[in-house]
Amino acid sequence: MAVYYAAKENILTWPIGLINIITAFFIYYHVRLYSDMFLQIYFICISIYGWLIWNMEHRNAVPLKYLSNQGLALFAFLIIICTIVLGKFMSHIHEFFPSAFPEPAAYPYSDTLVAVASIIANTLMARRFIESWILWIGVDVICVYLYFQKDIKFIAFEFLIFLILACFGLYNWIQMKRKQDQISKSLHRL
């Protein structure tokens, strides 16, 4: 439901998402997807941040926007580097903290990629960048595969729905951006 509200640019996305986040934390620990588990802690923080930012920006009518080419390159670089570094850490987390993580992480690099890309996608969404949806589509594709592999079909199915909603969100935000641009051009002509 939270993804649907995000696609509609409705502020309810943030508080509703908190319920899913807390539940997901425990599921990911149970199936040893530790990067996803830690990601939920971030999601709690960014959901509060997004809620505050959207509340402020909606009152001030801050438009949707696109990233610059430099911004795209920066975020792509961050995703690659952070996935490599954190994936390496997650592949050994059971050695560093054996009492908390008695078994090795399952799929440490792809799980870390999901976590890193999700952090960036959610941050971009909080700041109202349209490219957030492109990242979410990529994250959802990976998650559907990953969760089917881990035999948590309910979560895989949930991410299949998220994938459809992310496609809708991308389409909807592009349409809203076009309308914003048309209104802006009309105002400049006056």
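The structure presented is a predicted model; accordingly, all values stated were derived computationally and were not measured.
- With ring centers used as reference points, Y28 lies 6.0 Å or more from Y34.
- Applying the side-chain contact (heavy atoms from CB on, under 4.5 Å) test to I27 and every residue at least two apart in sequence or in another chain returns T23, I155.
- Counting only heavy atoms from C-beta outward, the side chains of Y147 and L33 approach each other to under 4.5 Å.
- Taking the centre of each ring, F154 and F157 stay at or above the 6.0 Å mark.
- Within 6.0 Å of CD on E95 lie more than 12 heavy atoms contributed by other residues, nucleotides or ligands.
- Between F148 and K153 the shortest side-chain heavy-atom distance falls below 4.5 Å.
- In this structure, CG on L12 lies 8.5 Å from CH2 on W51, to the nearest 0.5 angstrom.
- The aromatic ring centroids of F96 and F101 lie 6.0 Å or more from each other.
- Taking every heavy atom of both residues into account, P108 and A105 meet most closely at CD-O, 3.7 Å.
- Contact between L39 and V114 at its shortest, heavy atoms only, is CD2-O, 4.3 Å.
- E131 contributes a side-chain N or O that, together with a main-chain N or O of L67, makes up a donor-acceptor pair within less than 3.5 Å.
- Once rounded to the nearest 0.5 Å, the distance linking OH of Y145 with CD1 of I142 reads 11.5 Å.
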* To do: Starting from the C-alpha separation in whole Å, work towards a yes-or-no answer on side-chain contact (heavy atoms from CB on, under 4.5 Å) for W133 and I174.
  => CA-CA 10 Å; W133 289 110; I174 289 171; over 6 Å; no
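- No donor-acceptor contact under 3.5 angstrom links the side chains of T83 and T112, judged on distance only.
- For the residue pair Y29 and D36, no side-chain donor N or O sits within less than 3.5 Å of a side-chain acceptor on the partner.
- Atoms CD1 and CG, on I152 and L146 in that order, are 7.0 Å from each other to the nearest 0.5 Å.
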* **Audit row: T13, V3, side-chain contact (heavy atoms from CB on, under 4.5 Å) steps and yes/no** => CA-CA 6 Å; T13 187; V3 178; over 6 Å; no
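- A7 and F168 get closest at one heavy-atom pair: CB-CD2, 3.4 Å.
- Here CZ of R32 is found 4.5 Å from NZ of K150. Values are rounded to the nearest 0.5 Å.
- Under the 6.0 Å cut-off for aromatic ring centres, Y66 and F129 do not qualify, their centroids lying 6.0 Å or more apart.
- Remark: Y4 OH is loosely packed, at most 12 non-hydrogen atoms of other residues, nucleotides or ligands lying under 6.0 Å away.
- Atom CG of N122 and atom SG of C45 lie 11.5 Å apart (nearest 0.5 Å).
- Taking both residues in full, the closest heavy atoms of G87 and Y109 are given as C-CE2, 3.5 Å, listed atom of the first, atom of the second, then distance.
- The two atoms that bring I137 and A166 nearest to each other are CG1-CB, 3.7 Å, heavy atoms only.
- Membership of the apolar cluster around I84 extends to I80, as traced through chained side-chain contacts below 4.5 Å between ILVMFWY residues.
- No hydrogens or angles considered: a donor-acceptor pair under 3.5 Å links the side chains of T123 and Y42.
- Both L170 and L165 are members of a single hydrophobic cluster when ILVMFWY side chains are connected at heavy-atom separations under 4.5 Å.
- The residue from I81, I79, V85, V139 that alone fulfils the side-chain contact (heavy atoms from CB on, under 4.5 Å) condition with V116 is I79.
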* Between Q40 and I22, does a side-chain contact (heavy atoms from CB on, under 4.5 Å) hold up when you go through it step by step? -> CA-CA 7 Å; Q40 303 315 302; I22 293 166; over 6 Å; no
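- Contact check on K177 versus D181 returns a salt bridge, with a Lys/Arg side-chain nitrogen under 4.0 Å from an Asp/Glu carboxylate oxygen.
- Follow the hydrophobic side-chain contacts under 4.5 Å out from I164 and you never reach Y171; the two are in separate clusters.
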* To do: Check step by step if side-chain contact (heavy atoms from CB on, under 4.5 Å) holds for S118 and W136.
  => CA-CA 7 Å; S118 294; W136 281 127; 3.6 Å; yes
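- The same ILVMFWY cluster, assembled from side-chain heavy atoms under 4.5 Å apart, contains both I119 and I48.
- Checking side-chain atoms of S186 against main-chain N and O of Q182 turns up a donor-acceptor pair under 3.5 Å.
- Residues W173 and A6 share a closest heavy-atom pair of NE1-O, 3.1 Å.
- Linking Ile, Leu, Val, Met, Phe, Trp and Tyr whenever their side-chain heavy atoms come within less than 4.5 Å puts I41 and V31 in one cluster.
- M90 has its side chain out of reach of D111: every pair of non-hydrogen atoms, C-beta onward, lies at least 4.5 Å apart.
- Taking CG of L160 as the reference point, atom SG of C143 lies at 11.5 Å (rounded to 0.5 Å).
- Hydrophobic clustering places W14 together with Y49 (ILVMFWY residues linked when any side-chain heavy atoms are closer than 4.5 Å, directly or through intermediates).
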